[in-house]
Amino acid sequence: MEKNKTKRVSGLARPAFRSKLITYVLAAGFFGVSALLVQAEVAGSLYEGLLIPMCCYIMMAVSLNLTVGILGELSLGHAGFMCVGAYVGAVFSIVTRTAIPSAWIRFPLALLLGGLTAALFGVVIGIPILRLRGDYLAIVTLAFGEIIRKLVENLYIAVDANGLHFSFAKAIDPLSMDLATKKDILNGPMAVSGIPRDTTLLLAVLFVMLTLFVVMNLIDSRSGRAIMAIRDNRIAAEATGISITKHKLIVFTVSAFFAGLAGVLYAHSSTLKSTQFDYNLSIQILVFVVLGGIGSTRGAMIATVILYALPELLRFLQDYRMLVYAIVLIVMMLLNNNARFHQLKQTLFQRKAKEETT
Amino acid sequence: MNKQMKKLFSVTLAGVLAASCLASCGGDSKETTAAAGTEAAETEAAGETTAAAGETEAAGESTEAAAAEGGTFLIGGIGPVTGGAAVYGNAVKNGAELAIQEINAAGGVNGMTLALDFQDDENNTEKAVNAYNTLKDHNIKVLMGTVTSDPCIAVAERTYEDNMFQLTPSGSSVPCTQYENAFRICFNDPAQGGASAQYISTMGLASKVAVIYDSSTSYSAGIYQNFAQEAASLGIEVVAAEAFTADSNTDFSVQLQKIQEADPDLVFLPIYYEEAALILKQADTMGMDMTFFGCDGLDGVIGQLGADADLAEGVMLLTPFVADASDAKTQAFTKAYQEAYGDTPNQFAADAYDAIYTIKAALEQAGVTDPEIDPSELCELLKPAMTQITVEGLTGTMTWTADGECNKEPKGMIIENGSYTAIE
């Protein structure tokens, strides 16, 4: 404890930097070792298949942590942003697949477009809910997530020799189209397939690092401190001249942007189905954030890795795996509130950091 | 210290709770098997099931020992055995297990014993891909799955990459078999929609048709889209097309009201039996007297209606399988299924049963005797074999085309006196 104090006196920047470094090293180390294990064929294809979705969910958890942990507002619609990103990215990639054959040009564009559209939704949803707090905000974000999913479920886009056809709520009349060249892009509630599989593990890990970099530096910046001040005492923060509107919007936009990116990455690694982005996914991400320790970026990351992989790695337990999963959730919850465990964690990580710096 | 004790106590409590849950789970399954029988025959039925299970187990063991030199050929299976679609996944799992037990008891395939590794996908595309990766780690040789369409599309992308032979019992959406390594047992959605329209037209059942469909499942929406297309070309007028979604599948009064106003000759229900039973009940309460016509999803509607089973009288459906059909094969299957699982088999169980026999036929056609064969090599052998074989299954006489579609005749059925009767 004493040691900690002296450090703080010696300068604010250093321990913060060290903490960030640990997070980067942890993330890079975990995925590096995983990739090696997969290369060496020690880990099976199940493990290999888990890594890319895991990266997407880490991005989701880290960005949601910004809203829930740093701004202190409960958001239950994070899956909605991912949904926007995923569908915008997927439609863009399918439409331009022939026009831009190079994935090196097409995929960055898809990522940018998906991320920005999600960020735009973040602004759009951010403005009306600036006045809301607590339960009301949770309800509105919950509704937002579901509305997005329902909108997507009612979108029909198809392409034929004459160009693109759009329809809302009603399937496109097949008689109005040139059936020989017809190709469905979005077909209402049906799964979207034929998305180019552009997401590689390296790319996904790079985006995890980018997310960590931006989010942790935002938290550490002047704006980040203002955001935390709003969380801790809104009235006092406003009295010191902090613009609540601005900072809340920053958080919603950044958080939505990274959720959108995660969505694009996710869409380009598998097939898409709108039911994936339901209320349960939002809650699942929230569980990652809460059990990782609200406000802790590293915790959110670690919790995501453990909690996402666990149900899959427990498959050998057959019907009992979900039961064991629930027990793990309870144990994690108890550990998180245990002072001794925190102390142990702190000493462990501090020792590690020392070794790395020397 | 005190606080710590508390923590320890709560963790132990959680553990005890979990343990008691496990214990009660085990108890429940026993109870359900017993509850399947009538009260009088309860103990007897329970005794019989366990006896039957014991027998098959013993038989399995002995054949395993006998065919040990032939080795075990591992078939992978994927489907939802938990969650909302668990009915379908469990039916497929049971049907497939039944077929494998029969085949092994009869000496296996080319000296090899068959085994099934069935993984849960919770009807989720991502979980399905994870399940497939798990099966790959377990060294499966062919994949019998997945049960539902959307996960099937996702898994088909992966099996195509790995060149793994895939046979889906019930993935009816068109893209499920878009690659040459994938085949299916059931009809695809457009085929069912088109066949229904043609059937209605040739039998002269109606000139004005109303449709109620589930726009949130690819099964129902797919059938409807192709029904509408085919109906237009056959001169059948679709006077009302009312949709519902999985979130609003309990109240159909609005849809029925509109249909009543449109006054059709026939109501087409390309949906599953759960919703169809509700529609029949609500139509009855509204005093509507309509002819209803459905696809294979309607199989099971009599059981779902329970005490109101007479509402199903006169309902017509186009389906390849009904549990109480009169042919010997179906009757034997239904009896064996009821004995083993205490439940009436539905179309999914029959599809899975046929799928296993189809794999057997294809393996025999290709002359595969090595159970450790590379899945990709095996796929190259099975692909041509699939187009050469003819399988006499529960769901009809089946042949396959190279694009993975199964050719078999749908049977027109009408519900009369509480049972399915073939329409002449």
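Here is how names work: the chains are called A, B, and so on, in the same order as the sequence lines, proteins then strands, and each is numbered from 1.
Residue Asn154(A): no heavy atom, backbone or side chain, is found under 4.5 Å from chain B. Proximity to chain B is absent for every atom of Ser274(A), based on heavy atoms less than 4.5 angstrom apart. When heavy atoms are compared at a cutoff of 4.5 Å, Glu126(B) approaches chain A by way of both its backbone and its side chain. When heavy atoms are compared at a cutoff of 4.5 Å, Ala131(B) approaches chain A by way of both its backbone and its side chain.
Distance check: Leu46(A) CG to Lys136(B) NZ gives 10.0 Å after rounding to the nearest 0.5 Å. The structure places CD of Gln178(B) at 5.0 Å from OG of Ser193(A), a figure rounded to the nearest 0.5 Å.
Side chain of Arg315(A) to backbone of Asp120(B): a donor-acceptor contact under 3.5 angstrom is found.
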For this session: In sequence, state the C-alpha distance, the side-chain angles, and the governing distance for Glu48(A) and Asn133(B), and then conclude on side chain to side chain contact (heavy atoms under 4.5 Å, CB included).
Result: CA-CA 8 Å; Glu48(A) 187 185 357; Asn133(B) 286 332; over 6 Å; no
For this session: Before giving the answer on side chain to side chain contact (heavy atoms under 4.5 Å, CB included), spell out for Leu50(A) and Asn130(B) the whole-Å C-alpha distance, their side-chain angles and the decisive distance to 0.1 Å.
Result: CA-CA 7 Å; Leu50(A) 290 179; Asn130(B) 290 341; 3.6 Å; yes
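When the shell of 6.0 Å around CZ of Phe30(A) is examined, it contains more than 12 heavy atoms from other residues, nucleotides or ligands.
Side chains of Thr134(B) and Glu312(A): a donor-acceptor N/O pair is absent below 3.5 angstrom, by distance only.
Put simply, the side chain of Lys273(A) does not reach to within 4.5 Å of the side chain of Ser149(B), judged on heavy atoms.
Chain A forms the most heavy-atom pairs under 4.5 Å with one residue out of Thr245(B), Ile153(B), Thr125(B), Leu135(B), and that residue is Thr125(B). Put simply, of Ala191(A), Ser45(A), Pro311(A), Ser270(A), the one with the most heavy-atom pairs under 4.5 Å next to chain B is Ser45(A). Ranking Val324(A), Asn187(A), Thr275(A) against chain B, the residue ahead of the rest is Asn187(A), based on heavy-atom pairs under 4.5 Å.
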